[in-house]
There are 2 protein chains.
Amino acid sequence: MAAWDSFIRMQEKLIGRLSRRVHADSGMSASDYTVLVKLTEAGGRMRFMDLVKLVEWEKSRMSHQVGRMAKRGLVAKEECPDDGRGAFIVATPTGYEAIEDAAPVHVEHVRRLFIDALTREELAALARISDRVLAHMEEQPD
Amino acid sequence: MAAWDSFIRMQEKLIGRLSRRVHADSGMSASDYTVLVKLTEAGGRMRFMDLVKLVEWEKSRMSHQVGRMAKRGLVAKEECPDDGRGAFIVATPTGYEAIEDAAPVHVEHVRRLFIDALTREELAALARISDRVLAHMEEQPD
DNA sequence: CTAAGGTAGATGACACGTCAACCAAATGGT
DNA sequence: ACCATTTGGTTGACGTGTCATCTACCTTAG
């Protein structure tokens, strides 16, 4: 339980600090950043539901999110000829520019706040631990 | 960076799942839970700002939070005789009942989803890693 | 005693996440 | 051909978090 407390504290501070940073230096929220990273990594254009599965969010969250991002011009929605219900989400030039500006700065913060705090062995251990927890959760109900 | 990705994924899934659970089986939000745990651990009555420091939140967040909790009857606000600006936050009987019901169930979920996934050594390693990251963050600007 | 600055806490505007309900188009069985 | 189910995606209400701003009270230097 001490481990749990430390983990929680660390995780809250770290995530909080990083998302405040990304917002401060790019004007984007952490969610904007995540979506743009995944979307552009995947070619800058994908079906809505594929994006949902890739990012592992609920579809309603993604729907609100892309709605807001579209309003700000970071992405656009196109309708899908093959499936009358479907939608493509496309990263706009503005979106590309935003992510290309933000990514290196963000990576730098991750390195500074997180990676630099740990040795190579500790990073490996943490990766292993995280994967084990993930795997264990998969096979747990609910 | 692989370690970072695993960590982020794990942490998101785990926190998401736990807070959905606590809300589902107690009707309280994760924030309600946190506040009540800390408050009752500290005797069930403390100055607002002490609570803010204990939980390590921004005061405005806490202000909104206790406002909502007061509206639901989980805590009450009393004014402070020594300091005209001050407020005491007090856990009501309803509040006590709520965490006393919720806490064991929540602890059980933490054990099931997190602690049981790891060996004693892994837990110790994770605690050490978390503390190192926390300590490292303290001495980093911003 | 008074003015300057600090501290306690509240508030309003806004972005975000969740849940449940919803609609429309696709699919599959009879 | 037809109805039932599933899938893709949206919507609205509501609770939550952040930021900036505000007020009231306290403290302390002069």
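The chains referred to below are lettered A, B, ... by the order of the sequence lines, with proteins before strands, and numbering in each begins at 1.
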Worksheet item: Just checking, is any N or O donor in the side chain of Arg20(A) or His23(A) under 3.5 Å from an acceptor N or O on the other one?
Response: no
How long is the line joining [atom1] of [X] and [atom2] of [N], in whole Å?
{"X": "His23(B)", "N": "dC19(C)", "atom1": "NE2", "atom2": "C1'", "value": "10 Å"}
{"X": "Arg17(A)", "N": "dC19(D)", "atom1": "CZ", "atom2": "P", "value": "14 Å"}
{"X": "Arg72(A)", "N": "dC14(C)", "atom1": "CZ", "atom2": "P", "value": "14 Å"}
{"X": "Met46(B)", "N": "dA8(C)", "atom1": "CE", "atom2": "C1'", "value": "14 Å"}
{"X": "Asp32(B)", "N": "dC14(D)", "atom1": "CG", "atom2": "C1'", "value": "14 Å"}
{"X": "Glu79(B)", "N": "dC25(D)", "atom1": "CD", "atom2": "C1'", "value": "13 Å"}

Discussion item. Any side-chain N or O of Arg68(A) below 4.0 angstrom from OP1/OP2 of dG17(C)?
Written reply: yes
Discussion item. Does a side-chain N or O of Arg20(A) approach OP1 or OP2 of dA15(C) to a distance below 4.0 Å, or not?
Written reply: no
Practice prompt. Please work out which of the three classes, parallel, tilted or perpendicular, describes the rings of Phe7(B) and Phe114(A), given edges at 30° and 60°.
Written response: parallel
Worksheet item: Of all the choices, dC16(C), dG9(C), dC19(D), which nucleotide is nearest to the side chain of His64(B) once you look at every atom?
Response: dC19(D)
Item to complete: Just compare dA8(C), dG8(D), dG17(D) and give me whichever is closest to any side-chain atom of Ser31(B).
Response: dG17(D)
Worksheet item: Is there side-chain contact between Lys77(A) and Phe88(A), with at least one heavy-atom pair below 4.5 Å?
Response: no
I'd like to know if the side chain of [X] and the backbone of [Y] have a donor-acceptor N/O pair within less than 3.5 Å.
{"X": "Thr40(B)", "Y": "Val37(B)", "answer": "yes"}
{"X": "Ser26(B)", "Y": "Val22(B)", "answer": "yes"}
{"X": "Thr92(B)", "Y": "Leu74(B)", "answer": "yes"}

Worksheet item: Can you name the salt bridge (Lys or Arg N to Asp or Glu O under 4.0 Å) partners of Arg68(A), sequence neighbours left out?
Response: none
Worksheet entry | Residue met sooner reading DNA chain C from 5', once Arg47(B) and Ser29(A) are mapped to nucleotides | Arg47(B)
Might you list the N or O atoms of the protein lying below 3.5 Å from N or O atoms in nucleotides 23-27 of chain C, with each pair's distance?
residue: dA25(C); atom: O3'; partner: Gly84(A); partner atom: N; Å: 3.4
residue: dA25(C); atom: N3; partner: Arg85(A); partner atom: NH1; Å: 3.3
residue: dA26(C); atom: OP1; partner: Gly84(A); partner atom: N; Å: 2.9

Discussion item. Does Lys71(B) reach a base, just sugar-phosphate, or nothing at all? Heavy atoms under 4.0 Å.
Written reply: nothing
Worksheet item: Do Leu134(A) and Leu54(A) belong together in a cluster built from hydrophobic side chains that touch within less than 4.5 Å?
Response: no
Item to complete: Run the salt-bridge test on Arg72(B) and Asp32(B) with the 4.0 Å N-O cut-off and return the result as yes or no.
Response: yes
Worksheet entry | Residues touching DNA chain C, which here means a heavy atom under 4.0 Å, drawn from residues 54-62 of chain B | Lys59(B), Ser60(B)
